[in-house]
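Have a look at the structure below before the remarks.
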Amino acid sequence: MLEYEASDMNLTQNKFSKLIAAFMLCSVALADTAAQTIQGYLPTNGTTMQGSVIRPVRDASFAELHRAAIERFVKLPKEKQQAINEKGSPDHIMSYDADLWPDKGEYEKYVDAWKKTKMARLADVIVGLKNDGGNIYSVLSGTRVNNGGTMPLTIGSLRYDGNKNVWISNNGELKGQAFSADETFDYGPQTGNEWVMEKKDSLSALREMIRITKATDGKAVFLYYSLVERSVISGGVIANHGYTIIFPITTASARATRPGQK
């Protein structure tokens, strides 16, 4: 089961009752003109559904084992470090390598500790899409702020063009491709689509991504957004913004799952 740990942000438990109508993902009538890549994931008829921004929280035993692997990693030749990095993927557990785990039994402990990862809820949000005509969709979003009001999420500035299957941001067009993840992914096995834009000039390199997926057990939808900009001169980070949102699908017995949890 995808478990939540209490957030130290002291989040309110109130629902967005004045902002969100009751929404059943599995029964909503999606707009016929919406591209297949977003049908069945997010509502496209001007309604919204409620989710939570989440982040992984590692078990203490994992942190200790991971630290030991990193200490071995930094002592390896640069070529070997590069080979290990090329095998890895963001938000995935590291795959086995004999140079990092001379004792394979320690790697098995590492995997067992990773399976104890829990998801902390950081904020309640609402998200949906509204057809603006011509198969162009704007994002409806909101999250509660300290003064009791709401403000839109970063993705609120994006628009989806169903004619070309692209997302449009202030930085340009994000182009789509299929996405899938297995049980080694932090958020569990899932499939869907992601849209990416990469651009570089003499000053900076920018990568912007939005991904919409569904858990393979059908019990949750995920939305990921990230924007990273780096200086091409110093390599330093100019901007780094992103989040993961889970929308549990509302059924009587639906519970989102993740690897190693029951």
Side-chain angles (χ1 to χ4, degrees), residues 1-9 11 51-78 80-123 178-194 196 207 209-226 228 237 240-249 254-262:
M1 173 174 70
L2 177 59
E3 300 178 24
Y4 293 107
E5 287 193 347
S7 168
D8 18 349
M9 298 174 65
L11 294 168
S52 299
V53 177
I54 56 175
R55 67 172 176 84
V57 177
R58 306 298 184 192
D59 187 77
S61 60
F62 177 85
E64 182 178 346
L65 292 165
H66 187 70
R67 188 181 304 112
I70 295 301
E71 288 174 355
R72 297 187 189 106
F73 175 84
V74 299
K75 296 176 182 178
L76 296 174
K78 294 295 183 183
K80 178 62 178 180
Q81 291 182 6
Q82 183 177 353
I84 292 175
N85 284 333
E86 289 175 352
K87 288 193 304 181
S89 299
D91 302 320
H92 285 71
I93 188 172
M94 294 175 66
S95 56
Y96 173 73
D97 188 284
D99 287 320
L100 298 182
W101 294 279
D103 178 359
K104 194 166 185 178
E106 186 177 354
Y107 180 73
E108 293 172 355
K109 293 179 181 178
Y110 178 80
V111 173
D112 289 341
W114 174 81
K115 290 179 179 180
K116 297 177 183 178
T117 299
K118 297 181 180 180
M119 297 296 145
R121 188 181 70 181
L122 304 182
F179 174 86
S180 64
D182 60 18
E183 65 280 354
T184 65
F185 187 50
D186 276 343
Y187 303 98
Q190 52 194 261
T191 58
N193 295 273
E194 68 177 9
V196 178
R207 186 180 193 274
M209 182 272 289
I210 184 170
R211 181 189 302 150
I212 304 173
T213 63
K214 183 178 290 185
T216 55
D217 62 10
K219 297 177 181 178
V221 166
F222 293 86
L223 187 152
Y224 308 82
Y225 175 78
S226 69
V228 179
V237 176
N240 187 358
H241 182 71
Y243 41 80
T244 299
I245 304 172
I246 185 174
F247 303 93
I249 294 179
R255 307 175 82 182
T257 60
R258 64 172 315 284
Q261 296 180 334
K262 299 179 179 180

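Treat the numbers as computed from the prediction; the structure is a model and nothing was measured.
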Checklist entry - How would you list, by chain and number, every residue that makes a salt bridge (charged side-chain N to carboxylate O under 4.0 Å, His left out) with Asp99, sequence neighbours excluded? => result Lys80

Checklist entry - Once you round to the nearest 0.5 Å, how far does CG of Leu76 lie from CD of Gln82? => result 13.0 Å

Next on the checklist: If you apply the rule side-chain contact (heavy atoms from CB on, under 4.5 Å), what do you find for Met94 with Trp101, and how did you get there?
Outcome noted: CA-CA 11 Å; Met94 294 175 66; Trp101 294 279; 3.9 Å; yes

Item to check | Non-hydrogen side-chain atoms of Ile249 and Lys219 separated by less than 4.5 Å | outcome: no

Next on the checklist: In the structure I gave you, are the side-chain heavy atoms of Phe179 and Asn193 within less than 4.5 Å of one another anywhere?
Outcome noted: no

Checklist entry - Looking at residues at least two apart in the chain, or sitting in another chain, which of them share a ring-ring contact (aromatic ring centres under 6.0 Å, His included) with Tyr96? => result Tyr107

Checklist entry - With a 4.5 Å heavy-atom cut-off, do Pro102 and Arg72 have their side chains touching? => result yes

Checklist outcome for this item: Heavy-atom closest pair (Ser52 atom, Arg121 atom, distance to 0.1 Å) is OG-CD, 3.1 Å

Next on the checklist: Between Ile212 and Phe247, does the side-chain contact (heavy atoms from CB on, under 4.5 Å) criterion hold? Intermediate values first, please.
Outcome noted: CA-CA 11 Å; Ile212 304 173; Phe247 303 93; over 6 Å; no

Checklist entry - Quick one: does Glu194's side chain have a donor or acceptor within less than 3.5 Å of a partner on Gly192's backbone? => result no

Checklist entry - Is there a side-chain contact between Arg58 and Asp186, using heavy atoms and a 4.5 Å cut-off? => result yes

Checklist entry - Which pair of non-hydrogen atoms, one from Leu100 and one from Ala69, has the smallest distance, and what is that distance? => result CD2-O, 3.6 Å

Checklist entry - Any side-chain heavy atom of Glu71 within less than 4.5 Å of one from Arg67? => result yes

Item to check | Side chains of Phe222 and Arg211 in contact at under 4.5 Å (non-hydrogen atoms) | outcome: no

Checklist outcome for this item: Residues Ala181 and Gly188: closest non-hydrogen pair is CB-O, 4.4 Å

Checklist entry - Distance from Gln190 atom CD to Asp182 atom CG, nearest 0.5 Å? => result 10.5 Å

Checklist entry - Can you find a pair of side-chain heavy atoms, one from Thr244 and one from Asp91, that are under 4.5 Å apart? => result no

Checklist entry - Closest approach of Asp59 and Ala113, non-hydrogen atoms and distance? => result CB-O, 4.0 Å

Item to check | pair Thr213-Tyr187: side-chain heavy atoms closer than 4.5 Å | outcome: no

Checklist entry - Sub-3.5 Å donor-acceptor pair from the side chain of His92 to the main-chain atoms of Pro90, do we have one? => result yes

Next on the checklist: Quick check: closest heavy atoms across Ile246 and Pro248, and the distance to 0.1 Å?
Outcome noted: O-CD, 3.6 Å

Checklist entry - What do you reckon, is CD of Gln81 surrounded by more than 12 foreign heavy atoms closer than 6.0 Å? => result yes

Next on the checklist: Below 30° counts as parallel, above 60° as perpendicular, anything between as tilted: where do the rings of His66 and Phe62 land?
Outcome noted: parallel

Checklist entry - Can you list the residues that meet the side-chain contact (heavy atoms from CB on, under 4.5 Å) rule with Lys87, with sequence neighbours excluded? => result Ser95, Asp97

